[in-house]
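For reference, the structure is listed below as C-alpha cells.
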Amino acid sequence: MQKKLSEAIVLIISTALLTYHAYYIVIGVPFLYVVACWHMMFICILVFFSFSWNKKRKSYTPLNFLLNLILSGLVVVSFTYLIVNYADMIEAPEISRTGKIMGLIVVVLILEACRRALGWALPLIAVIFILYSRFGEYFPDLIATQSTYFLKICESLAYSNFGIFGTPLIVSSSIIFYFVLLGSFLAAAGALTFFNDLASSLTARRVGGQAKASVVASGFVAMISGSAVANVVMTGTVTIPMMKKAGFPNYYAGAVEAVASSGGQLAPPVMGAAAFIMAMYTGIQYRDICLSAAIPAFLFYLSIYIAVHNEAIKQKIKPLAAIQLPKLKDSLTKFYYLIPIGILVYLILGYYPPALCAFYSLLAVVAIGFIKKTERFNLSRIVEAIKKNATSIAPVSCACAVAGIVVGVLTMTGLGLIISSAIIDLSGGNKFIILVFTALTSIILGMGLPTSACYIILAVLVAPALVKVGFPVIAAHLFVFYFGIISAITPPVALAAYAAAGLANSDPSKTGFYAVKIGIAKFLVPFIFCYNPGLVGVGGVGEIISVIFFAIVCIFALQFLVSDYALARNGLIESILFCIEIPLLIIPNPTLKFVGLSLFLISMAIS
C-alpha cells in the first residue's frame, strides 16, 4: 500500500515539476529566486519519497511513509512561505522571527534531502562550514572570523542571493533541468542503442575495436548524461561484455568503461552540469566555455583510444568479424537521432540561451519519438522519461543547494580569500608549485562529491589563487574542475571504476588502478592548457594550432610511456626519451618544444 502511494506521489510530483518548468520556459517568472524555490520544493518531496531515511531499512514501511509525509508537509509550508513573502522580504530592513525560523527549517530539510540522495559527505561538509560560521572566533588566527548566531546564518543562507537559492541552484533549476530532461527523452526514444550501434560499426573492425567502440559509445552518451557512474551503468551493460568476449581481461574492460564514461564530465555540452555553472561564475559565455573545453576533452579521449589500441596489440586481440557487427548502413538508417544533437550544437554556437537550446532540441526528440516507425512514444515511455528526469535531476539539485550553503558561508566569512592567499604564500609565488598545491587541494576536496558541487566549492576556494598569479580565468577554472572530478576513477573513491568493476565482475582495486593508468591524461592535460592557454582558445589562430599539434604529440608520448609500447615494446632508451620529451612539449618555449618533438621522432625511429 505504502509503496503504491509513494510511487503515485513521485509520479505526480515529477509531472508537476515538468509542468512548472514548461511554464517557466514558455511564459517566464520575474524572480529566479522563486524559480529555484519552486524547483527545490518539488525536488525535496521527490527525494523523500524516493530514498529511504535509513538505507538499511525498507523504503516503504509505514513509519518511513509517515515520516516522509511529515517532512513533505514541512517542505510545502516553509517553501511556500519563502515564495509568497520573497518580494516583501527583499525590501524589508529585517527578516521577522517567523521568517528566520522558516529559513532554519529550509536549511535542515535541504541537508536531509541531500543526505538521502547523495550520502553523508556533502551535508557533513556543509555542517562543518555552518559550525565554522557559528564559532569562527574560536578558530586559529589565520582563519578566525566573527561568530554568527544560527538563526542569522540560516537567514542569510535562505534569503540571500549567495546562499541556498544562489547561483548554483538557479543554474540547476533554470538551465541544467532542461539538459537532463533532454537526455531522459533521448534515452526513452532509443538513442542509446543507436549510439552503441554507430560506435561499433565505426570502430569494432579495427584492432582493439571492441574497446574503441566502448570509448566512442560511452563518450557519445556521457556528453549528454554528464554523470560518470550513471553512464557506466547505462552503457557498460553492453560494452563490458563485448570487450570481455573479445579477450580483454575483465578488470581492463571495466577500467576502459569507467574512464570513457568519466570523460563525459569533461566534454561539452553538459560537462556534468558544470559548464552552465562555470559560465555564471566566470562571466564567460556558455558557448565559449564549450569551445574552450572541446580540445582538452578530445585529447583525453585520444589518450584512451591510444591506450586501448596498444593494449589490444600487446594482448593480440583480433577485431570482430564483420558478421558479428552492426553495419554502418543499417545504423545510419536511424540518422534522425542526430537531428536533436545538430539542433543543440547549432543553437549553442548561435549564442542562444542554454535552456532554450535544450528545450528546442527536446521538441525535436519528442517529434521523432512520435513519428518514427518503431519504438514510438506511448504513455508508458513518456511516463518513464518523466520519472527518469526527476530521479536524475534530484541529486544534481540537492548538490547545488548544499553547495550553495558552503558558498554562502565562504562569502559571509571571507574564508575563500584566506585560502587563496594561503596557497599563494605557501608556494612562494612559483606557478608550478601553485598548480601542484591547487591540484592536490582539488583532488582532496573533490573526493566523493558530485560534479556540480565539487566545481562550485573549488571555484570559490582555490580557482582565484590561479587567476591571481596570471593564469587565464577559463584555464584556472577548468584546471580545478579536472582535478576535482578525477576521483571518479582514482582510488580510494573511484566510484565510476567500482561501478564498472561490479559489471565486469573484477577486483575493484585492480580496476581502479588500470583506470588511472588508462586515464593518465586527465592528470596531464590541465597542466598543458595552463602553460599553453591556446589549448582552451586563448590567443591567435596560429598559436592555437601550434599548441594543439604539440599537445597531441605529448599525449602520444605519454601513452607510449605508460603502456610501455610504441611501435614495439619499449626499451630503456625509448622510455627515458619519452620521460624527457613530455615536459619539453609542455613548457611554453618554442625551442624546447621543437627539441621535444625531435626526441619524440628519434624515440619512434628507435622503436
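One-based numbering along the sequence shown.
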Taking atom [atom1] of [X] as the centre, does the number of heavy atoms from other residues, nucleotides or ligands within less than 6.0 Å exceed 12?
| X | atom1 | value |
| --- | --- | --- |
| Y20 | OH | yes |
| K468 | NZ | yes |
| Y346 | OH | no |
| N430 | CG | yes |

Could you tell me whether the side chain of [X] and the main chain of [Y] form a donor-acceptor pair under 3.5 Å?
| X | Y | answer |
| --- | --- | --- |
| S160 | L157 | no |
| S361 | C357 | yes |
| S78 | M102 | no |
| S427 | I424 | yes |
| N68 | N64 | yes |

**Asked** Under the ring pair (Phe, Tyr, Trp, His ring centres under 6.0 Å) test, which residues partner Y159, sequence neighbours left out?
**Response**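 Ring pair (Phe, Tyr, Trp, His ring centres under 6.0 Å) check on Y159 returns nothing, list empty.
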**side chain to side chain donor-acceptor pair (under 3.5 Å): pairs with one or both residues in residues 283-297, sequence neighbours excluded** =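 Those involving residues 283-297 are R287-Y351, D288-Y351.
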**Request:** Could you note down all residue pairs passing side chain to side chain donor-acceptor pair (under 3.5 Å) where residues 125-143 supplies at least one of them, sequence neighbours left out?
**Result:** E137-S147
Gap between atom [atom2] of [Y] and atom [atom1] of [X] - 0.5 Å precision:
| X | Y | atom1 | atom2 | answer |
| --- | --- | --- | --- | --- |
| T411 | L417 | OG1 | CG | 9.0 Å |
| Y281 | I289 | OH | CD1 | 13.5 Å |
| I164 | L109 | CD1 | CG | 9.5 Å |
| L356 | I25 | CG | CD1 | 4.5 Å |
| C290 | L344 | SG | CG | 8.5 Å |
| Y531 | K431 | OH | NZ | 8.0 Å |

Side chains of residues 30-49: which donor-acceptor partners sit under 3.5 Å, not counting sequence neighbours?
{"residue": "Y33", "atom": "OH", "partner": "A158", "partner atom": "O", "Å": "2.6"}
{"residue": "H39", "atom": "ND1", "partner": "H21", "partner atom": "NE2", "Å": "2.8"}
{"residue": "H39", "atom": "NE2", "partner": "S397", "partner atom": "OG", "Å": "2.6"}

**Message:** Would you say the ring centers of F179 and F276 fall short of 6.0 Å from each other?
**Reply:**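 Aromatic pair counts; centres sit under 6.0 Å.
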**Message:** Is the distance between the ring centroids of F139 and F135 under 6.0 Å?
**Reply:**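 Not close enough - the centres of the two rings lie 6.0 Å or further apart.
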**Request:** May I have all residue pairs that pass salt bridge (charged side-chain N to carboxylate O under 4.0 Å, His left out) and include part of residues 146-174, sequence neighbours excluded?
**Result:** K100-E155, K152-E155
**Request:** Might you point out which heavy atoms bring I153 and I130 nearest each other, and give the distance in Å?
**Result:** CD1-O, 3.8 Å
**Heavy-atom closest pair, residues S173 and I170** =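 Reported closest heavy-atom pair: OG-O, 3.2 Å.
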**Asked** For the ring-ring contact (aromatic ring centres under 6.0 Å, His included) test, which of F529, F300, F523 pairs with Y482?
**Response**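 Result for ring-ring contact (aromatic ring centres under 6.0 Å, His included) with Y482: F529.
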**Message:** Distance alone, cut at 3.5 Å: any donor-acceptor contact between the side chains of K522 and T490?
**Reply:** no
**Message:** Between V409 and L415, is the side-chain contact (heavy atoms from CB on, under 4.5 Å) condition met? List the steps.
**Reply:** CA-CA 8 Å; V409 172; L415 181 61; over 6 Å; no
Just distance, no hydrogens or angles: give the donor-acceptor pairs under 3.5 Å from side chains in residues 455-464, sequence neighbours left out.
{"residue": "Y455", "atom": "OH", "partner": "H477", "partner atom": "ND1", "Å": "2.7"}

**Request:** State, yes or no, whether a side-chain contact exists between T19 and Y23 at a heavy-atom distance under 4.5 Å.
**Result:**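 A side-chain contact is absent here, since even the closest heavy-atom pair is not under 4.5 Å.
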**Asked** Going through the checks in order, is the side-chain contact (heavy atoms from CB on, under 4.5 Å) test met by K387 and L11?
**Response** CA-CA 6 Å; K387 290 168 67 176; L11 178 58; 4.0 Å; yes
**Asked** If you measure from the Lys or Arg side-chain nitrogens to the Asp or Glu carboxylate oxygens, is any gap between E7 and K4 under 4.0 Å?
**Response**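 K4 and E7: not salt-bridged.
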